[in-house]
Visitor: 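The following block contains the structure, expressed as structure tokens.
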Amino acid sequence: MTFDVPTLRKEFPTLSRELDGQRLVYLDSAASSQTPRVVLDAMDRYYSWSRSNVHRGVYQLAEEATDLYEGARAKLAAFVDADPRGVVFTKNATEACNLVAYSWVRRHLGEGDALLTTMMEHHANHVPFTFAARDLGFEVRNVPLTEDGQLDLDAARELVADGRVRFLAVGHVSNVLGTINDVGELSRIVRDAHPEAKVHVDGTQAVPHMPVSFRELGADFYAITGHKMLGPTGIGALIARPELLDEMEPFLTGGDMIRDVTLDGATWNDVPHKFEAGTPMIAEAAGLGAAVDLLTELDMHAVRAHEVSLTTRMLEALSSVDDVTIHGPLDPTLRGCAVSFAVDGVHPHDVGAMLGSKGVCVRVGHHCTKPLMRCLGLNATARASTYVYNDVDDLAPLVDGIEAARRFFAR
Amino acid sequence: MTFDVPTLRKEFPTLSRELDGQRLVYLDSAASSQTPRVVLDAMDRYYSWSRSNVHRGVYQLAEEATDLYEGARAKLAAFVDADPRGVVFTKNATEACNLVAYSWVRRHLGEGDALLTTMMEHHANHVPFTFAARDLGFEVRNVPLTEDGQLDLDAARELVADGRVRFLAVGHVSNVLGTINDVGELSRIVRDAHPEAKVHVDGTQAVPHMPVSFRELGADFYAITGHKMLGPTGIGALIARPELLDEMEPFLTGGDMIRDVTLDGATWNDVPHKFEAGTPMIAEAAGLGAAVDLLTELDMHAVRAHEVSLTTRMLEALSSVDDVTIHGPLDPTLRGCAVSFAVDGVHPHDVGAMLGSKGVCVRVGHHCTKPLMRCLGLNATARASTYVYNDVDDLAPLVDGIEAARRFFAR
Amino acid sequence: MSMEDLYQEIILDHYRKPHNRAPSLEDEDVHVHHSNPLCGDEMDLRLRVVDDRVDAVVFDGEGCSISQASASAMSDVVTGRDLKDALDLAEDFRKMMHGDEPARADDLGDGIAFQGVAKFPVRVKCALLGWMAVRDAIESYEQGASAHTVTHEE
Amino acid sequence: MSMEDLYQEIILDHYRKPHNRAPSLEDEDVHVHHSNPLCGDEMDLRLRVVDDRVDAVVFDGEGCSISQASASAMSDVVTGRDLKDALDLAEDFRKMMHGDEPARADDLGDGIAFQGVAKFPVRVKCALLGWMAVRDAIESYEQGASAHTVTHEE
Ligand SMILES: Cc1ncc(COP(=O)(O)O)c(C=O)c1O
Ligand SMILES: Cc1ncc(COP(=O)(O)O)c(C=O)c1O
């Protein structure tokens, strides 16, 4: 149940690049993962062999393109254990969250209602809902965090007690703290207080890294992005219960999502097409399909096992550096593999620049989680995040770089 | 001012494919164009060399990715003679039209107002507005067509006479009739009746084929799609006056488009970023940039000249076949290079299948223009459309295939 | 994709001389309207039922050769059958269009000639149009009053 | 991307021992708050004007070494200059950050050490933070009443 990282690494072209003569150490997969050759090849095959538009062509190229596109949908559905009719392709996870905000939240919530989200959400899973709240006057409530960066479920119980919470938006895994949230339990809390409440999960940081079953999770909506799971840029998906999609009004409208159009109205196509307006991301779907194939071949249980063991070593390594504070849970089994840390007295920007100068790529900033930053009393963190192509040999350069930053920026 | 089609054709890998031993004759560029190697190479370079996320990275890869992405914006802006601050990347033209519908139309039009569009719009430029009208109660008016498939501007004058029309949505070039609309004149008609009226142009079928200056056109919004202009799938753009974007509320919200987020609100980033939520289409932008470079190198005046001459020959060729009726203007200088036609007694589907069996790829169906189809009293047409890689040698297979269909399906 | 694979002679015969093609049907029990939004095909199908049997079925409308020929073949096959049996055949045909071997090949009559269409996904909807229309007509009849009109889109 | 290109000794000196860094300023005329949303930097800048000259300027806040050092160098440069001149230097610095040769290299004082930052686009905003804050403070002063507070985000 383990895989061979050095061999796998060869499949990712950027990883063989050198920066100023130093090996590139990519520790920013939580922002965007590297893309393996199989994914590039799948896209290239489409462009060089079957290049055409999907769905309406009567010639062979168009049929091949349609098969690629719909085939990718089936693959992704199988990968997350969902019904293909509930897989809507979007350009990224952000669009998926907005789809839910426009087609469900904005059409169901109003004054007197409340929406529950958390203090650790990525802006993609927060702003679409607060923006809707501003327009429609419903209330937004935020589940606070415990000391160790978990959702405070007792506080959540209180927040839903008045029965007004009709919608929950929660991240599956935090992109800053790494926390794996108990989405099932939080859903139960919300639905116990309001059985008809809908649950939307931001799975952006979960699906690349661990086995996920949409059916078992019991959510209504689940957002995914392709570029963090070995796929190309420009594609994501909303996974949803197809019956729910059936009832919903569309979000983006235009070609391909309609059944008929008259001068003053339209009837909608079947789901999931009703939610896919215009020419879709055909090459990107082909690429994402190939990424899903590779992840399936690696086996998501093995991926998770590799990452737990690597995160264990990462946490040890970071703890060994003086003046380094780790944000988020310290137990690797409770967390994903994005690890945020602070270096006392050195601004994250400077930590990042020093690491960058040594070929080590980490992310610094607020990671699109301003409410969380405020909650932690920070402006920014440095974050190192790993994936299938990382291994323990990537940890020494990280530690060396942090040590160098400490020395260089000592006052 | 002419270019060498046989040489150029070599740059488009799919075109060297054979179908059942026959040369592939691609006449469906109005649906999606072929993609040249330079575009594939640009995307590959990003994925194999600079693969990372944009905008927030302090390491070199992220800076390169940002340069690629913002560089593509500058290129596209120059290509259509617009301010880069007014270039918003979207996933396709349909999203661009929806952006306008959500961020301008839905926030400004209500009962008592009217929106003007035309009988020949693609669903992408029609349904987002009729859908908004249904929700908000404003009126939608449609400019009818003259006998020869032009907009009836006299009728338009009457439609705006009561001063209620506050918004115009019009296509620059029809994807079915080929008609090049006098967008400037129609805008004047609308603005004469209501000086504050906004003009949105669907330029999807114009920008790939002729020189376009957004500034000269005088529109407020202009929608574009990448996959019809030699670019990749999964990217389009809304071109807009930046001052207007400044005033508007965003559409999609989430990461990268905000300045600050608090628990119950957000302030927005500068334009155009305010309208680009989430991880953008980085590779796709790099690809679109390369497509724009190639088109610039070919010179859009030369492209247009090539297409006028080829369309002239296409119209002649089709007219020479018995029982063939051409829809839309017969004067090639008044039209783009999408040519719809009917073969008397043979259903378009059967025409398309026969052509497909001979390696000739044309589109059949309603082309996402149901209102136009009703207006023409048709259910579907067959459409042949050309681009820079087509030449007169593609016309004989088209004519042969139509003749074959006539014989085969004669009753 | 060769023309011969798709357009068998028997299909062309039905296309050139369709059976039971008519704009109206005396004493009709059900009238359904089906359209295939993707190719713009439209079909009106009228059904008359006597003693729980398909007494007569006629179709009319616009469509490609495959949709017209398939409806023609369908009309031959279902006429005279009891409703349940006709529904069963429609389901068999549908499955055949999705690549299954037909369970009742003999009973499908000329419908069997359309088996090759399964290889052409875009045309599957065309071949199904008439069959789906008759299925809806029967189901509408079974659910509804003695006579009513259903406008149904695929 | 080597550290030496970016972090010149003079920059590190300003970073380690910033000049005019303080949380308040007696008799301040303008207080502006700038933040760089991308890296989460925040800066409070206070300005006192006497006879149309920058009598004093202090800054405070959170930021990386570049933003802190640049603000420190800026404060040295603008103090004592008349407002127009200070604005002009801010513009010269801004242009330098966008790759232009500075027109008034000598007058930019230690600010000139930041020229290399132009090669690091993500850090340009950091280096600009203090300069843009002082520009806004002066412009606010010129437009506004004798004393007021402006919260301004880049
Ligand atoms: C005239 C016109 N407008 C809009 C569109 C929609 O473009 P896209 O599918 O790329 O969103 C198309 C293409 O299908 C078109 O031809
Ligand atoms: C937790 C989380 N949610 C949502 C997103 C947004 O994903 P995208 O930028 O692909 O829309 C991200 C990534 O930036 C993320 O980390």
Side-chain angles (χ1 to χ4, degrees), chain A residues 13-14 17 19 28 31-32 34-35 40 44 47-49 51-53 56 58-61 91-92 94-95 97-98 122-124 127-128 130-131 134 140 142 227 232-234 252-255 258 260-261 263-266 277-279 281-284 349 352-353 356 361 364-365 368 370-371, chain B residues 13-14 17 19 28 31-32 34-35 40 44 47-49 51-53 56 58-61 91-92 94-95 97-98 122-124 127-128 130-131 134 140 142 227 232-234 252-255 258 260-261 263-266 277-279 281-284 349 352-353 356 361 364-365 368 370-371:
Chain A
T14 300
R17 180 171 171 185
L19 287 173
D28 197 17
S32 213
Q34 292 298 317
T35 318
L40 303 183
D44 215 69
Y47 281 121
S48 315
W49 188 247
R51 180 74 179 96
S52 59
N53 212 327
R56 287 169 310 254
V58 287
Y59 53 87
Q60 192 170 333
L61 267 55
K91 68 176 174 180
N92 53 24
T94 304
E95 186 195 332
C97 294
N98 277 273
H122 188 279
H123 293 162
V127 187
T130 54
F131 186 41
R134 203 207 58 183
V140 176
N142 295 274
H227 66 93
T233 59
L252 301 177
T253 58
I258 57 96
D260 200 0
V261 174
L263 285 180
D264 48 35
T279 301
M281 299 67 72
I282 310 170
E284 291 81 354
H349 237 147
C361 307
V364 301
C368 296
K370 279 261 185 174
Chain B
T14 301
R17 180 172 171 183
L19 287 172
D28 197 17
S32 213
Q34 292 299 316
T35 318
L40 304 184
D44 216 69
Y47 281 121
S48 315
W49 189 246
R51 180 73 178 96
S52 59
N53 212 328
R56 287 170 309 258
V58 286
Y59 53 86
Q60 192 169 335
L61 267 54
K91 68 176 175 179
N92 52 25
T94 303
E95 186 195 332
C97 295
N98 277 273
H122 188 280
H123 293 162
V127 186
T130 54
F131 187 40
R134 202 207 59 181
V140 176
N142 295 275
H227 67 92
T233 57
L252 301 176
T253 58
I258 56 97
D260 200 0
V261 175
L263 285 180
D264 47 36
T279 301
M281 300 65 72
I282 310 169
E284 291 80 355
H349 237 147
C361 307
V364 301
C368 296
K370 279 260 187 177

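The analysis underlying the following values was restricted to heavy atoms, covering all of them including side chains, and did not include hydrogens, waters or symmetry mates. Here is how names work: the chains are called A, B, and so on, in the same order as the sequence lines, proteins then strands, and each is numbered from 1.
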Visitor: For Cys97(A), is it the side chain, the backbone, both or neither that has a heavy atom under 4.5 Å from a heavy atom of chain B?
Guide: neither
Visitor: Considering all heavy atoms of both residues, which atom of Cys368(A) and which atom of Gly255(B) are nearest to each other, and what is their separation?
Guide: SG-CA, 3.8 Å
Visitor: Is chain A contacted by the side chain of Tyr47(B), its backbone, both, or neither, given a heavy-atom distance below 4.5 Å?
Guide: both
Visitor: Are side-chain heavy atoms of Leu61(A) and Leu19(B) found at a separation under 4.5 Å?
Guide: yes
Visitor: Quick one: does any side-chain atom of Asn92(B) pair with a main-chain N or O of Thr279(A) as donor and acceptor, under 3.5 Å?
Guide: yes
Visitor: Looking at Thr130(A), Ile282(A), Val261(A), which has the largest count of heavy-atom pairs under 4.5 Å with chain B?
Guide: Val261(A)
Visitor: Can you name the ring-ring contact (aromatic ring centres under 6.0 Å, His included) partners of His122(B), sequence neighbours left out?
Guide: none
Visitor: Between CG of Leu252(A) and OG1 of Thr94(B), what distance do you get to the nearest 0.5 Å?
Guide: 8.5 Å
Visitor: Evaluate the criterion side chain to side chain contact (heavy atoms under 4.5 Å, CB included) for residue pair Glu284(B) and Met281(A); output intermediate values, then yes/no.
Guide: CA-CA 10 Å; Glu284(B) 291 80 355; Met281(A) 299 67 72; over 6 Å; no
Visitor: Got a second to check how far Thr35(B)'s OG1 is from Asp44(A)'s CG, nearest 0.5 Å?
Guide: 10.0 Å
Visitor: Give me the atom names and distance for the closest heavy-atom approach of Ala266(B) to Val127(A).
Guide: CB-CG1, 4.0 Å
Visitor: For the pair Arg17(B) (side chain) and Trp49(A) (backbone), establish whether a donor and an acceptor sit closer than 3.5 Å, ignoring hydrogens and angles.
Guide: yes
Visitor: Side chain from CB out, backbone as N, CA, C, O: work out which of these in Leu263(A) comes under 4.5 Å of a heavy atom of chain B, or both, or neither.
Guide: both
Visitor: Taking Gln60(B) for its side chain and Gly356(A) for its backbone only, find out whether a donor-acceptor pair lies under 3.5 Å.
Guide: no
Visitor: I'd like to verify something: which residue of Arg51(A), His123(A), Gln34(A) has the highest number of heavy-atom pairs under 4.5 Å with chain B?
Guide: Arg51(A)
Visitor: Residues in side chain to side chain contact (heavy atoms under 4.5 Å, CB included) with Ala31(B), at least two apart?
Guide: Asn53(A), Asp28(B), Arg363(B), Arg383(B)
Visitor: Does any backbone or side-chain atom of Ala277(A) lie under 4.5 Å from a heavy atom of chain B? Answer side chain, backbone, both or neither.
Guide: both
Visitor: Is the backbone N or O of Pro13(A) less than 3.5 Å from a side-chain atom of Ser48(B), with the two atoms forming a donor-acceptor pair by type?
Guide: no
Visitor: Among the options Cys361(B), Ser52(B), Gly265(B), pick out the one with the most heavy-atom pairs lying under 4.5 Å from chain A.
Guide: Cys361(B)
